[in-house]
Amino acid sequence: VRPDPIKATVIVNSNSVLSYEEEELSSSKSYLIKVPLFDLIRMTCTDEDLRVKYNNEDVDIFKDASLNYGVLFDNVRGYLGETRFNLNIYKTLEDEPTKFFMYNNGITMTANFITATPVNANKKWKIELDGLQVVNGGQTLKTIYEFKDNKFNAEALASAHILVRLFATGIEKGLTNKIAEYTNSQNAISSIDLKSLDSLQIQIEQFLKEKNILYVRKVGDLGESSVKYDIRISMEKFAQVLYSLLGYPDRASNQKKRLFENYYDEIFSTENFDIEKS
């Protein structure tokens, strides 16, 4: 049932590599590396020769490169399509490719065997993977291919980098599955939590604080212990009130999750929102 072991090779600068070994005397090492998106596409495509041809400079050959779905055999999910997270990945590649490394959580790969060899007078590392699998970050990988296929932008794909975690699993049975499970089962961050860092939300908090009102941006925030607040209101409740005033009380009560996704820009737009009326 499993696909044939997939091999790939990548060259990275020595200052873009961090190695890790489970035991000090272990011969099996794992790595964290910074990789250009062109290399990520090359390493995960269907072309066997291209996957190991790390010194290729002809970017045009990437136009027709197809994702090898065998690398996603141990991934927990299929492609979810145009979710807001995938749309954000796509938008970053369009508008701010050089910031892709900072905005993205990266990709986790496993391989049965990883061989790392210093080259170019120790200025670079050649890393060879045997039995490559992408166990976390499948949505990111597929969105990158989607971007490449829809609008091939060589400059964006060359300037955008991504963090790749490479774990050597050897022949230890079940280790790849455990890495896939645990790296995909961390505490989920809700859309409300993400918007709590929006500069406008911080402004609202500060403005209402001066009126002795506790504006709860973050779950569990109790305010300052030395202050006795007259009113306490959560960011979610405030958004419900605002959206009701805009004429959508039904959505405000029945679609609370979407207040901080689909409707956020409408509720807190400069046109609709006046901080003085808070």
Side-chain angles (χ1 to χ4, degrees), residues 2-13 16-17 31-75 77-111 114 119-120 124-166:
R2 294 190 65 83
D4 293 332
I6 296 167
K7 295 183 179 181
T9 304
V10 63
I11 288 273
V12 292
N13 292 327
S16 297
V17 179
Y31 301 87
L32 273 69
I33 61 176
K34 185 178 78 171
V35 176
L37 295 194
F38 266 138
D39 271 323
L40 180 66
I41 292 170
R42 184 183 57 75
M43 293 165 64
T44 55
C45 73
T46 54
D47 189 324
E48 292 183 37
D49 294 330
L50 191 58
R51 289 201 303 267
V52 296
K53 193 177 180 182
Y54 53 84
N55 57 353
N56 180 75
E57 296 182 1
D58 181 13
V59 296
D60 287 336
I61 64 174
F62 291 98
K63 284 183 179 178
D64 299 321
S66 300
L67 174 61
N68 183 344
Y69 281 87
V71 301
L72 296 169
F73 184 86
D74 287 317
N75 202 273
R77 285 183 297 197
Y79 186 45
L80 300 178
E82 292 186 348
T83 66
R84 63 189 176 89
F85 301 108
N86 292 344
L87 288 173
N88 283 342
I89 293 171
Y90 199 101
K91 193 173 187 306
T92 300
L93 288 173
E94 278 187 312
D95 302 337
E96 301 177 285
T98 57
K99 289 189 168 59
F100 191 86
F101 185 86
M102 292 187 282
Y103 293 169
N104 191 272
N105 286 334
I107 283 177
T108 301
M109 294 182 178
T110 62
I114 300 176
V119 294
N120 289 23
K124 294 181 181 290
W125 283 81
K126 181 174 78 169
I127 299 177
E128 299 169 275
L129 308 172
D130 187 355
L132 165 67
Q133 282 291 307
V134 176
V135 297
N136 185 276
Q139 303 301 311
T140 294
L141 181 61
K142 289 178 182 177
T143 304
I144 291 168
Y145 269 88
E146 188 92 1
F147 176 80
K148 175 192 75 69
D149 294 338
N150 290 346
K151 48 175 70 178
F152 186 79
N153 186 330
E155 187 178 344
L157 292 171
S159 60
H161 291 72
I162 191 168
L163 175 68
V164 178
R165 301 172 186 84
L166 300 172

Smallest separation among heavy atoms of A156 and L93, with atom names = CB-O, 3.8 Å
Check: N153 and F147 side chains under 4.5 Å, non-hydrogen atoms = yes
Can any side-chain N or O of K34 pair as donor or acceptor with the backbone N or O of H161 at less than 3.5 Å?
-> no
How far apart are the closest heavy atoms of F38 and F62, and which atoms are they?
-> O-CE2, 3.4 Å
Can you find a heavy atom in the side chain of M43 that is under 4.5 Å from one in the side chain of L129?
-> yes
CG/L141 to CE/M109 distance, rounded to the nearest 0.5 angstrom?
-> 7.0 Å
Shortest non-hydrogen contact from N13 toward V17 = O-CG2, 3.5 Å
Derivation of the side-chain contact (heavy atoms from CB on, under 4.5 Å) call for N68 and T44 | CA-CA 6 Å; N68 183 344; T44 55; 5.8 Å; no
Is N104 close to L163 at the side-chain level, that is, under 4.5 Å between some pair of heavy atoms?
-> no
With side chains defined as the heavy atoms from C-beta onward, is the minimum distance between Y145 and C45 less than 4.5 Å?
-> yes
Examine distances only and state if a side-chain atom of K7 and a backbone atom of G131 form a donor-acceptor pair shorter than 3.5 Å.
-> no
Using a 4.5 Å cut-off on heavy atoms from C-beta on, say whether the side chain of I61 contacts that of D47.
-> no
Separation of L67 CG from I41 CD1 (nearest 0.5 Å) = 10.0 Å
Given side chains that start at C-beta, do those of R42 and L40 come closer than 4.5 Å, heavy atoms only?
-> no
Out of curiosity, F152 CZ to L157 CG, how far, rounded to the nearest 0.5 Å?
-> 6.0 Å
Considering non-hydrogen atoms only, spot the tightest contact between V52 and A8 and give its length.
-> CG1-CA, 4.3 Å
How many angstroms lie between atom CD1 of I162 and atom CG of D39, to the nearest 0.5 angstrom?
-> 12.0 Å
How about Y69 and K142: do any of their side-chain heavy atoms sit closer than 4.5 Å?
-> yes
Provide the full list of salt bridge (Lys or Arg N to Asp or Glu O under 4.0 Å) pairs with a residue in residues 91-111, sequence neighbours left out, each pair given once.
-> K91-D95, E94-K151
Please name the pair of heavy atoms, one in I6 and one in G70, separated by the smallest distance, quoted to 0.1 Å.
-> CD1-C, 3.6 Å
N/O donor-acceptor pair under 3.5 Å between Y103 side chain and I89 backbone | no
What is the minimum heavy-atom distance between A65 and D149, and which atoms define it?
-> O-OD1, 4.3 Å
Could you grab the distance from atom CG of N136 to atom CD1 of I107, nearest 0.5 Å is fine?
-> 8.5 Å
Rounded to the nearest 0.5 Å, the CD1 atom of I33 sits from the CD1 atom of I127 at a distance of 4.5 Å
Are more than 12 heavy atoms from other residues, nucleotides or ligands located less than 6.0 Å from atom CG of N105?
-> no
N150 side chain near Y90 side chain, heavy-atom distance below 4.5 Å | yes
From CA spacing to verdict: side-chain contact (heavy atoms from CB on, under 4.5 Å), E146, N86 = CA-CA 10 Å; E146 188 92 1; N86 292 344; over 6 Å; no
Qualifying residues under side-chain contact (heavy atoms from CB on, under 4.5 Å), relative to I11, sequence neighbours excluded = Y54, V119, K124, K126
